Amino acid sequence: MKSVNELIDLLTLEKIEENLFRGQSHSLGSKRVFGGQVLAQALQAAYETVDLSRTVHSLHCYFVLPGDIERPIVFEVETIRDGGSFSTRRVKAIQRGKAIFFMSASFHLDEHGFSHQIPMDSVAQPDDLISWKEIVEKFSDFLPQGIKKFLSVDHPFTFKPVELFDPTAEGQRPIRNVWMRSIGDVPNDQRIQQAVLAYASDYNLLTTALLPHGKRAYASDMQMASLDHAMWFHRPFQADEWLLYSIDSPSASGARGFTRGNIYNLRGDLVASVAQEGLIRPGS
């Protein structure tokens with residue numbers, strides 16, 4: 001995908017029956033469906049059943065089976081509750097008659113209340129950094145083939161890492177900051193903005209858990225997969241403006257890596273938070 005418009009088209013689902021929707025897939029160089037895609041499509045399916053006055057404030061997901069990039073995905077939405085202020089939905093993504101993904105999401109009317117946040121760290125600004133594409137151009141001879149292939153794929157977001165890492169060096173802190181912005185404008189609709197950010201939230205997380213161990217995400221002896229994903233939306237934002245994804249990995253154990261992320265806008269407002277655990281199984 002060369003622009004966010006292609007992503008938005010991908011997130012536009014076909015209604016095939018009440019509470020049943022069908023979506024297509026786009027490859028990022030793998031035969032498996034990108035987790036952020038099925039997550040964002042599931043959120044869009046839920047939104048098709050929720051009153052326009054409500055927006056998602058939290059979602060919790062499990063990735064059950066790898067998705068097949070060649071087959072459509074059917075999304076089944078279950079209406080759990082519509083209350084005075086909150087609506088709850090459960091979404092199941094299906095291929096070949098089997099669930100590949102589950103999501104529970106809660107939607108809330110806009111209300112006023114207390115407000116506080118943890119501050120954004122002081123980091124280099126995006127104008128002073130180079131993008132993934134520029135990293136490939138500048139360091140092509142030094143990048144492992146798998147990483148170079150992934151960075152060279154057309155993504156609907158531009159990513160500019162604050163820190164540049166040697167993926168084979170052990171003992172690095174499991175902390176990274178990445179600026180990101182959609183390629184192209186996103187409609188001024190928080191529902192679409194949230195789905196687009198949900199898609200992007202699956203980038204850069206799990207690889208952070210590898211930093212202390214000197215292992216490459218695309219090495220032939222590594223097995224990696226997202227197991228679950230949770231996201232909280234705190235404040236309105238624009239995905240076509242620069243957002244800082246501040247990520248850490250507090251723990252890895254039992255062939256699983258746990259990661260967290262806070263997403264800030266340029267003004268330092270905390271707009272969303274993310275948590276994910278994934279399989280990071282080293283080779284024998």
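Please read these numbers as outputs of a predicted model, since none were measured by experiment.
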K.L.:
Just verifying a value: how many Å separate Leu39 CG and Gln44 CD, rounded to the nearest 0.5 Å?
P.N.:
10.5 Å
K.L.:
Are Tyr245 and Phe233 linked, directly or through other ILVMFWY residues, by side chains that come within less than 4.5 angstrom of each other?
P.N.:
yes
K.L.:
Can you tell me how far apart CZ (Phe102) and CZ (Arg90) are? Round to the nearest 0.5 Å.
P.N.:
8.5 Å
K.L.:
Any donor and acceptor pair, going by atom type alone, linking the side chain of Gln223 with main-chain N or O of Leu279 inside 3.5 Å?
P.N.:
no
K.L.:
If I compare all heavy atoms of Met103 with all of Ala46, which pair ends up nearest, and what's the gap?
P.N.:
CE-CB, 4.3 Å
K.L.:
Do the side chains of Asp269 and Arg267 get close enough for a salt bridge, i.e. N-O under 4.0 angstrom?
P.N.:
yes
K.L.:
Any heavy-atom pair between the side chains of Leu28 and Ser30 that's under 4.5 Å?
P.N.:
no
K.L.:
For Thr49 and Ala45, indicate whether the former's side chain and the latter's backbone hold a donor-acceptor pair under 3.5 Å.
P.N.:
no
K.L.:
At their closest point, which heavy atom of Gly257 faces which heavy atom of Ile280, and how far apart are they?
P.N.:
N-CG1, 3.6 Å
K.L.:
Which pair of non-hydrogen atoms, one from Trp132 and one from Pro161, has the smallest distance, and what is that distance?
P.N.:
CD1-CD, 3.9 Å
K.L.:
Going by heavy atoms in the side chains, are Tyr47 and Val56 under 4.5 Å from each other?
P.N.:
yes
K.L.:
Is a side-chain donor or acceptor of Gln41 paired with a backbone partner of Ala195 at a separation under 3.5 angstrom?
P.N.:
no
K.L.:
Within the distance-only criterion (no hydrogens, no angle test), does the side chain of Gln95 pair as donor or acceptor with the backbone N or O of Ile100 below 3.5 angstrom?
P.N.:
no
K.L.:
Got a donor-acceptor contact below 3.5 angstrom from the Asn262 side chain to the Ser246 backbone?
P.N.:
no
K.L.:
For Asn188, does the CG atom sit with more than 12 other heavy atoms under 6.0 Å from it, leaving out its own atoms?
P.N.:
no
K.L.:
Hey, any chance Val274 and Phe258 share a hydrophobic cluster, counting ILVMFWY side chains that come within less than 4.5 Å of each other, even indirectly?
P.N.:
no
K.L.:
More than 12 heavy atoms of other residues, nucleotides or ligands under 6.0 Å from OH of Tyr62: yes or no?
P.N.:
no
K.L.:
With a 3.5 Å cut-off and no angle check, do the side chains of His60 and Ser104 form a donor-acceptor pair?
P.N.:
no
K.L.:
At what distance, to the nearest 0.5 angstrom, does CG of Leu10 lie from CD of Gln37?
P.N.:
4.5 Å
K.L.:
With a 6.0 Å cut-off (strictly less than), is the heavy-atom count around CZ of Arg235, excluding the residue itself, greater than 12?
P.N.:
yes
K.L.:
Enter the distance from Leu109:CG to Ser85:OG here, rounded to the nearest 0.5 Å.
P.N.:
5.5 Å
K.L.:
Establish whether Phe63 and Leu65 are linked, either directly or via other cluster members, by ILVMFWY side-chain heavy-atom contacts under 4.5 Å.
P.N.:
yes
K.L.:
Run the side-chain donor-acceptor check on residues 180-187: report pairs under 3.5 Å with partners two or more places apart or on a different chain.
P.N.:
residue, atom, partner, partner atom, Å
Ser182, OG, Gly184, O, 2.8
Ser182, OG, Ala239, O, 3.4

K.L.:
A side-chain contact here means heavy atoms from C-beta on lying under 4.5 Å apart; do Arg71 and Arg96 qualify?
P.N.:
yes
K.L.:
Hydrophobic clusters here meaning ILVMFWY residues chained together by side-chain heavy-atom distances under 4.5 Å, can you tell me if Val33 and Val64 are in one?
P.N.:
yes
K.L.:
Just wondering, more than 12 heavy atoms not from Lys2 lying within 6.0 Å of its NZ?
P.N.:
no
K.L.:
List, by chain and number, the other hydrophobic cluster members for Leu270, where Ile, Leu, Val, Met, Phe, Trp and Tyr join if side-chain heavy atoms come within less than 4.5 Å, directly or indirectly.
P.N.:
Ile118, Met120, Val123, Leu129, Val162, Trp179, Trp242, Leu244, Tyr264, Leu266
K.L.:
Do the side chains of His234 and Val271 get nearer than 4.5 Å, heavy atoms only?
P.N.:
no
K.L.:
Using a strict 4.0 Å threshold on nitrogen-to-oxygen distance, state whether Arg22 and Glu14 make a salt bridge.
P.N.:
yes
K.L.:
To the nearest 0.5 angstrom, please state how far the OG atom of Ser25 sits from the CD atom of Glu70.
P.N.:
9.0 Å
K.L.:
Is Leu11 linked to Val4 within one hydrophobic cluster, defined over Ile, Leu, Val, Met, Phe, Trp and Tyr using a side-chain heavy-atom separation of less than 4.5 Å?
P.N.:
yes
K.L.:
To check you understand the geometry: which heavy-atom pair defines the closest contact between Ala272 and Met231, and what is its length?
P.N.:
CB-CE, 4.3 Å
K.L.:
Minimum heavy-atom separation for Trp232 to Ser58, with atom names?
P.N.:
CD1-CB, 3.6 Å
K.L.:
Mark yes or no for whether Arg191, through its side chain, and Thr55, through its backbone, hold a donor-acceptor pair below 3.5 Å.
P.N.:
no
K.L.:
Work out which heavy atom in Ala209 is nearest to a heavy atom in Pro212; give both atom names and the distance.
P.N.:
O-CD, 3.6 Å
K.L.:
Within the distance-only criterion (no hydrogens, no angle test), does the side chain of Glu163 pair as donor or acceptor with the backbone N or O of Asn177 below 3.5 angstrom?
P.N.:
yes
K.L.:
Using atom types as modelled and distance alone, determine if a side-chain donor or acceptor of Lys92 lies under 3.5 Å from a backbone N or O of Ala99.
P.N.:
no
K.L.:
Flag the pair Phe75 / Phe101 as yes when their ring centroid distance falls below 6.0 Å, and as no otherwise.
P.N.:
no
K.L.:
Using a 3.5 Å distance criterion without hydrogens, assess whether the side chain of Thr79 forms a donor-acceptor pair with backbone atoms of Arg81.
P.N.:
no
K.L.:
List the atom pairs, donor and acceptor, that lie under 3.5 Å between side-chain atoms in residues 197-205 and the rest of the protein, sequence neighbours left out.
P.N.:
residue, atom, partner, partner atom, Å
Tyr199, OH, Tyr203, OH, 3.4
Ser201, OG, Ala198, O, 2.7
Ser201, OG, His229, NE2, 3.0
Asp202, OD1, Gln276, NE2, 2.8
Asp202, OD2, Gly36, N, 3.1
Tyr203, OH, His155, ND1, 2.9

K.L.:
By the definition side chain to side chain donor-acceptor pair (under 3.5 Å), identify the one residue from Arg89, Arg54, His57 that meets it with Ser106.
P.N.:
His57
K.L.:
When rounded to the nearest 0.5 angstrom, what is the spacing between CD1 in Ile80 and OG in Ser87?
P.N.:
11.5 Å
K.L.:
Checking Gln238 side chain against Asn265 main chain: does a donor-acceptor pair fall under 3.5 Å?
P.N.:
no
